[in-house]
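See structure below.
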Amino acid sequence: MFMEGHLKSVLSVDFSPSGYHVASGSEDNTAKVWDIRQRRCLYTIPAHTNLVSRVRFQPTVGDYLLTASYDNTCKIWSHPTGAPVRTLAAHEGKIMSADISSNLKYIATASFDRTFKLWAPENML
C-alpha cells in the first residue's frame, strides 16, 4: 500500500494507538494524518515554516499529535481535528526529535543547539 500526497520527502511516520491512523511529517513543512483502512489522507496540517523532522501521537489514546521542526519549534495538535493546541519554543536550533513519555507527564525535544528539553504539563497543554 502506498500513501502519496506530500510534495517533498517524508521524514517521519508514527502510528496512532488505535493502529488505524498514521501521521507523516515532510520536507514540505506539513504533517498529514492518514486513515489506513480507507487508504486516504484525513487532513493536512500546515504545521511549520520549515521541514517537519518528527511526528508522534500521544501514546495511550492518541488525542494529540506532536510535530517537531527545523523552525526551532515543537507543536501540539488536537487529533482528529488537527486544531493547534500549543507551540513549544525555547530551542536556538533545529529540533531533530521529540517524544512523549509513556506516563504522559513530559514531552522531550532534542535540538541542533546541543540541548534536549523536558516540557512539563504546566508549560505544555
Side-chain angles (χ1 to χ4, degrees):
M1 169 184 341
F2 293 99
M3 300 294 211
E4 296 179 305
H6 282 290
L7 302 176
K8 293 187 178 180
S9 301
V10 176
L11 303 175
S12 180
V13 293
D14 190 44
F15 278 97
S16 68
S18 71
Y20 298 129
H21 297 150
V22 175
S24 58
S26 170
E27 283 185 342
D28 64 10
N29 306 350
T30 68
K32 292 182 179 283
V33 175
W34 308 84
D35 186 315
I36 59 175
R37 296 170 296 183
Q38 297 177 11
R39 298 181 183 200
R40 68 178 186 90
C41 180
L42 291 177
Y43 57 91
T44 300
I45 302 170
H48 294 275
T49 59
N50 206 326
L51 66 83
V52 177
S53 55
R54 176 78 159 122
V55 291
R56 180 79 167 100
F57 276 104
Q58 176 192 17
T60 53
V61 290
D63 288 340
Y64 298 100
L65 177 68
L66 188 68
T67 59
S69 174
Y70 274 24
D71 67 6
N72 304 358
T73 67
C74 185
K75 296 184 180 184
I76 303 167
W77 309 89
S78 177
H79 175 70
T81 66
V85 174
R86 185 73 189 239
T87 298
L88 307 176
H91 282 288
E92 295 176 10
K94 305 169 188 173
I95 298 179
M96 296 302 301
S97 186
D99 203 2
I100 304 169
S101 65
S102 59
N103 63 5
L104 308 179
K105 290 187 176 185
Y106 299 100
I107 289 177
T109 55
S111 172
F112 260 79
D113 65 11
R114 299 185 319 268
T115 67
F116 78 91
K117 299 193 183 302
L118 289 177
W119 305 82
E122 60 271 6
N123 59 16
M124 286 189 305
L125 298 175

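What you see is a predicted model, and the numbers here were worked out from it, not measured in a lab. Along the sequence shown, the residues carry numbers beginning at 1.
Note that CG of L66 is 10.0 Å distant from OG of S12, once rounded to the nearest 0.5 Å. In this structure, OH in Y43 is found 6.0 Å from CG in L65, a value given to the nearest 0.5 Å. Distance CD1/I76 to CD1/I100: 7.5 Å, rounded to 0.5 Å. Distance CG/L51 to OG1/T30: 11.0 Å, rounded to 0.5 Å. Interatomic distance, K94 NZ to D71 CG, rounded to the nearest 0.5 Å: 11.5 Å. Atoms OG and CG, on S26 and L7 in that order, are 7.0 Å from each other to the nearest 0.5 Å.
With sequence neighbours left out, Q38 forms a side chain to side chain donor-acceptor pair (under 3.5 Å) with R40. By the ring-ring contact (aromatic ring centres under 6.0 Å, His included) test, Y70 is found to be paired with no residue, residues two or more places apart in sequence or in another chain being considered.
Of all heavy-atom pairs between W119 and A90, the closest is CH2-CB, 3.6 Å. For the residue pair M96 and S53, the shortest heavy atom distance occurs at O-OG, 3.6 Å. Between E92 and D113 the shortest heavy-atom distance is N-OD2, 2.9 Å. A98 and C74 make their closest contact through CB-SG, 4.0 Å (heavy atoms, listed as atom of the first residue, atom of the second, distance). Between T60 and S102, the closest heavy-atom pair is CG2-O, 4.1 Å.
Side-chain contact between I95 and S69: absent, with no pair of heavy atoms (C-beta onward) separated by less than 4.5 Å. Under the 4.5 Å side-chain criterion, counting only non-hydrogen atoms from C-beta, V52 is not in contact with I45. Counting heavy atoms from C-beta on, the side chains of H21 and D35 come closer than 4.5 Å. Side-chain atoms of F116 and S111, non-hydrogen and from C-beta on, never get closer than 4.5 Å to each other.
No side-chain donor-acceptor contact under 3.5 Å links S9 to the backbone of E27.
With 3.5 Å as the limit, one finds no donor-acceptor pair spanning the side chains of T87 and K75. In this structure, a donor-acceptor pair under 3.5 Å is present between the side chains of T67 and H48.
By the rule that hydrophobic residues join a cluster once side-chain heavy atoms approach within less than 4.5 Å of another member, L104 and F57 end up as members of separate clusters. Using a 4.5 Å cut-off between side-chain heavy atoms of Ile, Leu, Val, Met, Phe, Trp and Tyr, with links allowed through other members, F15 and V13 fall into the same hydrophobic cluster. In this structure, V55 is not a member of the same hydrophobic cluster as V85, with clusters built from ILVMFWY side-chain heavy atoms closer than 4.5 Å.
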> Between H91 and T109, is a side chain to side chain donor-acceptor pair (under 3.5 Å) present by the stated rule, with each step listed?
Replying inline: CA-CA 9 Å; H91 282 288; T109 55; 2.7 Å; yes
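The number of heavy-atom neighbours closer than 6.0 Å to CZ of R37, taken from other residues, nucleotides and ligands shown, is above 12.
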